[in-house]
Asker: 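Take a look at the following structure, please.
Remember, it's a predicted structure, so these values are computed and weren't measured experimentally. Heavy-atom basis, side chains included; hydrogens, waters and symmetry copies ignored.
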Amino acid sequence: MAAFVFLVFFLALTARSYANYCLCKDGVNQQALQKALDYACGAGADCSPILSNGACFQPNTVKDHCNYAVNSYFQRKGQTQGSCDFSGAATPSVTLTASVVSGCVYPSSPRYLI
């Protein structure tokens with residue numbers, strides 16, 4: 001039993017990315033960004049902050065909404081390797097380089113759903 005617990009703990013440590021954020025790449029076309037945004041929001045990201053009355057709605061661009069959505073997805077998946085790719089539209093980042101307005105908070109650590 002102890003060996004199993006150690007194995008699970010070891011795999012959890014080695015599978016984790018050391019990036020704090022996941023952001024959509026510059027230069028990616030709007031269609032690919034929208035596809036990443038739609039996937040993230042439909043697959044577990046908390047996208048309520050980017051709705052029209054949300055704290056992260058502004059700036060109202062596909063790129064900024066994509067940034068929030070893929071980062072939320074990445075955090076909810078525990079920052080695991082591969083959870084920040086979105087068919088090449090996003091990349092892990094150690095710094096938040098997105099346009100963030102006052103009141104909008106980008107999670108920077110994993111949040112597990114209960």
Asker: Just grab all the salt bridge (charged side-chain N to carboxylate O under 4.0 Å, His left out) pairs involving residues 80-109, residues at least two apart or on different chains.
Answerer: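 Passing the test, one end in residues 80-109: no pairs.
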Asker: State which residues pass side-chain contact (heavy atoms from CB on, under 4.5 Å) with A55; sequence neighbours excluded, sorted by chain then number.
Answerer: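 Partners of A55 by the side-chain contact (heavy atoms from CB on, under 4.5 Å) criterion come out as none, since no residue qualifies.
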Asker: I'd like to check the side-chain contact (heavy atoms from CB on, under 4.5 Å) partners of N29; sequence neighbours left out, ordered by chain and number.
Answerer: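 N29 satisfies side-chain contact (heavy atoms from CB on, under 4.5 Å) with Q31, A32 once adjacent residues are dropped.
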Asker: Considering residues at least two apart in sequence or located in another chain, which fulfil the side-chain contact (heavy atoms from CB on, under 4.5 Å) criterion with A36?
Answerer: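 With sequence neighbours excluded, A36 shows a side-chain contact (heavy atoms from CB on, under 4.5 Å) to C66, V70, F86, A89, given in chain and number order.
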Asker: Taking all non-hydrogen atoms of both residues, which atom of P110 and which atom of Q79 are closest, and how far apart?
Answerer: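 Residues P110 and Q79, closest heavy atoms: CD-NE2, 3.8 Å.
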Asker: Give a yes or no on whether the ring-centroid distance for Y21 and F74 is below 6.0 angstrom.
Answerer: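 Centroid separation for Y21 and F74: 6.0 Å or greater.
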Asker: Please list all pairs meeting salt bridge (charged side-chain N to carboxylate O under 4.0 Å, His left out) that have one or both residues in residues 48-69, counting only residues at least two apart or in different chains.
Answerer: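 For residues 48-69: D26-K63.
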Asker: Under the 3.5 angstrom rule, does the side chain of T95 hit a backbone N or O of T97 as a donor-acceptor pair?
Answerer: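 A pair under 3.5 Å: no.
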Asker: Roughly how far, to the nearest 0.5 Å, is the OG1 atom of T80 from the CD atom of Q75?
Answerer: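 Rounded to the nearest 0.5 Å, the CD-OG1 separation comes out at 10.5 Å.
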Asker: Do any N or O atoms from the side chain of N71 and from the backbone of L23 form a donor-acceptor pair under 3.5 angstrom?
Answerer: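 Judged by distance alone, no pair lies under 3.5 Å.
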Asker: According to salt bridge (charged side-chain N to carboxylate O under 4.0 Å, His left out), does anything in residues 89-108 pair up with another residue at least two apart or in another chain? List the pairs.
Answerer: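 Sorted pair list comes back empty.
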Asker: Of the non-hydrogen atoms in A69 and I50, which two are nearest, and what is the gap between them?
Answerer: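 Looks like CB-CD1, 4.3 Å.
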Asker: For the residue pair Q58 and N60, what are the closest heavy atoms and their distance?
Answerer: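 Nearest heavy atoms, Q58 then N60: OE1-N, 3.5 Å.
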Asker: Enter the distance from C24:SG to H65:NE2 here, rounded to the nearest 0.5 Å.
Answerer: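 The distance works out to 11.5 Å.
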Asker: Does S108 reach the main-chain N or O of N20 with its side chain, forming a donor-acceptor pair under 3.5 Å?
Answerer: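 A pair under 3.5 Å: no.
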Asker: Look at atom OH of Y106 and say whether more than 12 heavy atoms of other residues, nucleotides or ligands are closer to it than 6.0 Å.
Answerer: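 For Y106, atom OH is crowded (more than 12 foreign heavy atoms under 6.0 Å).
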Asker: Under 4.5 Å between side-chain heavy atoms, hopping through other hydrophobics if needed: is there a path connecting Y39 to L33?
Answerer: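 No, Y39 does not connect to L33 through the hydrophobic network.
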